[in-house]
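For reference, the structure is listed below as structure tokens.
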Amino acid sequence: MHPASAPVRRHVPSLLACAAALLCSTGLVEAAPRVLKDWPAVKSLVAADPAMEARIRAIVAGMSLAEKVGQMTQPEIKYITPEEAGRHHIGSVLNGGGAWPGNKREASVADWLALSQAYHEALMSSGARTPIPIIWGTDAVHGHGNVRGATLFPHNIGLGAAGDAALVEEIGAATARAVRATGIQWVFAPTLAVAQDARWGRTYESFSADPMVVARLGAASVRGLQGQLGDSSRVVATAKHFIGDGSTEFGRDQGHSQVSRAQMINVHGQGYYATLATGVQTVMASFHSWTDVGAKPASKDYGKMHGSHELLTVALKEKMGFDGLVVSDWNGISQVPGCRDSSCPQAIKAGIDMVMVPEDWRAFIQNTIAQVERGEIPMSRIDDAVTRILRVKMRAGLFETSPRQSAVAGKPEALLARDLARRAVRQTLVLLKNERGALPLAQGKRILVVGKSADNLANQAGGWSMTWQGTDTQNADFPASQSILSGIREVAGAATLSFSADGSGVDPSQFDAVIAVIGETPYAEGVGDISPSSTLQHSRRYPEDLAVLRAVSGRGVPVISVFLSGRTVYANDLLNLSDAFVAAWLPGSEGAGVADLLFKNAAGQVAHDFRAKLPFAWPSAPCVSAKSQPQFKPGYGLSYAKPGTVRQLPVSVRSGGCDVSKELLIFRQTGQGPYQMHVGSPSGAWPNRGLGSDLNAVLEAPAEQPAIRVSTTQINTQQDAKRLVWMGPATFHIGSNQQADLTVYPAPALVFDLLPEQAPQRPVRLRMECGPGCGGTLDLQRVISALPTGQRHSLKIPLACFAAQGADLSRIGAPFNLTADAPFAAAFAHIRVRAGAAQEPDALSCSQFSPAP
Ligand code: BGC
Ligand code: BGC
């Protein structure tokens, strides 16, 4: 049967709403309960074809080991030319977020297609006995996000609010056309995360907290993207990130999950059962790790997903019966203990078939070949991986159709689906509050528009839009798009419209209504995490939004807030200042879809009503726990047809963080919370130099007195570490103008990851500062010199050691002040104070530090 037209057949035992209280905690119900005890067998709509299998066997039998390993390797387009790809028999390339052909963001459809065709031709003329076409993958997670001029659809959180599988399927098909037009055949979507904690920076990639919604919409997305496999206007889809990426502690990206196996199977597995049944051909492993806290007699550690044979092979391939390919995530193999970007037999043995190794692909190929030759990786595993890759390529018709031969190849119009996107926007907006008939607005009124996001396409598109983070763009980077402001202009009829981003220079009382477009600014992945030492209170992170509402409210003119966000947040203060409040998520490129819901038509009628419902609970406090009552429950949403009343809401503030008793995050990719970085001169020879929020910015002593250089590198995950190179005496400082009371943490230690590059020959003084002249300093020279260079180490320094040297732990302003001298070079990552760490067996003891000079 044609998968695209197939009824949503449930091969999966149909599941569970409030089954065994597991899902009751989410308060959500979509289908009938039945608790699974084990990973279920799933029957895919795409059945194995014996003739195809025979053809694959014959090809694999004729491949050299180098060809096989090349087939399993996926470099990034910035790091490999078509010629190199052909020479190394590469099986796949990807373009990461913000990677474009020739590094040109204005690359046209023709440029993309030409690069894809070049890779293809290089592989087809590589001299292999049977030339194997390459497959290119991209993150088209809400439309073809990296391509200038492509329509951007609402992110998944909005589609979850709409809850409309037919809409998601249409968006999948439109995305596939756009991707195929550029010669790309594989999309790293849909994300099947069941996000549990809104602090997670990827919450907006999750459809819902309800696993059955994730299952239904995930399957629809796969139907839309893949259609009938082999159709040259569709693509191969990816179910990601396997498994339980939305379940990590504190909502930490790439973090650690502490859930039971029953929860993993019954909650986080749902999206996989549904998409595997629909025939999804690839699965991406997740960066995170998992401890099954329900295991008896003791909890069971699965470690990193990328290294888990039990999950990738036993659960996914054997029990669920998945016969497509498993791809690793960006350098994800390096997080498996004992692995590096360029080497990880463990991950291949665990069941990774295609290795996303963006930069270090040459060394990876060499190392992997050597590991097979030495018998560290069995040839049978390599053959299985290659078989799976060829199976996916054959099913997708790549042996028959070059990029240029796709039905939509090179067609610029295939990038556009503006009507569909605008309709989608209308379906995704949730009306949280509407008092005194603030909405709908009649046409022809005097409207004041305020807010930083009214005329900002980046803010309405969110992450994964032109760039990875969705930052560093301007409206001009999004041609064929409409800002919300422009949409209001179009829809408001002959209205008088004024716009002031910050609400200054205008008198609200001169207008009939104020529309404030406010909210979060773009982020992706861990950069968007809200740390345990902060809260979900929006106005604490974005005080300008509270300020703009204060500037316009209370003037007798109704204030309508349109709130853009990738998550649900605590916003009672903003709700109180608004007569109407619309959660608009990240609507994408068609801002007029927002205006469609706010205004009546020219005939004075409501043409479009609100239909969407909250996909996640809306918080009633800055910190939420499993027990707390939400302000608005999942499923909540008002409409013109069904209004409701929301009175003044209690407002609570919290100056600390939500999980402060467990951990204080100081540095994770950037300074966290109040913490800022600078470099300084111990003798005051040159003024301090600070670092902004750009991850790649470089921080250094002035050129005339070169003493230190700080750049971005990787220890665990991309761009997670700062590399410090001393050329003279200099201090690297992370501090804040607020003092933190670290005595609230039991048995605390300062914990960080360290990768020494060049051992120190002089003291390395790490100081915790508690104000002028107050602090405790330890000399780490001995400890660091003893560590092998070029390897990652995790250091745990009990805070008691700093206290013994004079630090007053009740008022620490700068928890990480590091002074050293040349020669010394090392990278540092993930710096935090963690409760309990001082008692862990690998914690350092105070006697290991030389008294600081
Ligand atoms: C993203 C890529 C991005 C890269 C930058 C990765 O995590 O997935 O798309 O280009 O980081 O380092
Ligand atoms: C993300 C994936 C993405 C990949 C490629 C990773 O950092 O976790 O979701 O597909 O980068 O850009």
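We number each residue from 1, following the sequence as shown. Each ligand, and each atom within it, is numbered from 1 in the order the structure gives.
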Near L94, which atoms of ligand 2 are under 4.0 Å from a heavy atom of that residue?
-> 5 (C)

With heavy atoms of R202 as the reference, note each atom of ligand 2 found under 4.0 Å away.
-> 1 (C), 2 (C), 8 (O), 9 (O)

Nitrogen or oxygen of D139 less than 3.5 angstrom from that of ligand 2 = yes

D329 heavy atoms, cut-off 4.0 Å: which ligand 2 atoms fall inside?
-> 1 (C), 2 (C), 3 (C), 4 (C), 6 (C), 7 (O), 8 (O), 11 (O)

Between H144 and T138: side-chain donor-acceptor atoms closer than 3.5 Å = no

Taking the non-hydrogen atoms of H241, is any one of them nearer than 4.0 angstrom to ligand 2?
-> yes

Do E525 and ligand 2 have an N or O pair less than 3.5 Å apart?
-> yes

For K240, counting its heavy atoms only, list the atoms of ligand 2 lying under 4.0 Å from any of them.
-> 2 (C), 3 (C), 9 (O), 10 (O)

Which residues satisfy the side-chain hydrogen bond (donor to acceptor under 3.5 Å, both in side chains) test with R199, sequence neighbours excluded?
-> D197, D659

Ignoring hydrogens and angles, tell me if any N or O in the side chain of S92 forms a donor-acceptor pair with the backbone of I135 under 3.5 Å.
-> yes

Between K317 and D353, is there a side-chain N and carboxylate O pair less than 4.0 Å apart?
-> yes

Heavy-atom contacts under 4.0 Å between Q254 and ligand 2: side chain, backbone, both, or neither?
-> neither

Can D139 and K240 be counted as an ion pair, charged N to O under 4.0 angstrom?
-> yes

Check the angle between the aromatic planes of W136 and Y119 and answer parallel, tilted or perpendicular using the 30° and 60° thresholds.
-> perpendicular

Which segment of T191 sits under 4.0 Å of ligand 2 when only heavy atoms are counted | neither

Name all residues meeting the side-chain hydrogen bond (donor to acceptor under 3.5 Å, both in side chains) criterion together with E205; count only those two or more places apart in sequence or in a different chain, and write none if there are none.
-> T191, R202, W464

Classify the ring geometry between H142 and H155 as parallel (under 30°), tilted (30 to 60°) or perpendicular (over 60°).
-> parallel

F188 neighbourhood, listing ligand 2 atoms whose heavy-atom distance to it stays under 4.0 Å = 10 (O)

Below 4.0 angstrom from a heavy atom of M284, which ligand 2 atoms are there? Numbered from 1 as shown, please.
-> 2 (C), 10 (O)

Where does F287 meet ligand 2, judged by heavy-atom distances below 4.0 Å: at the side chain, the backbone, both, or neither?
-> side chain

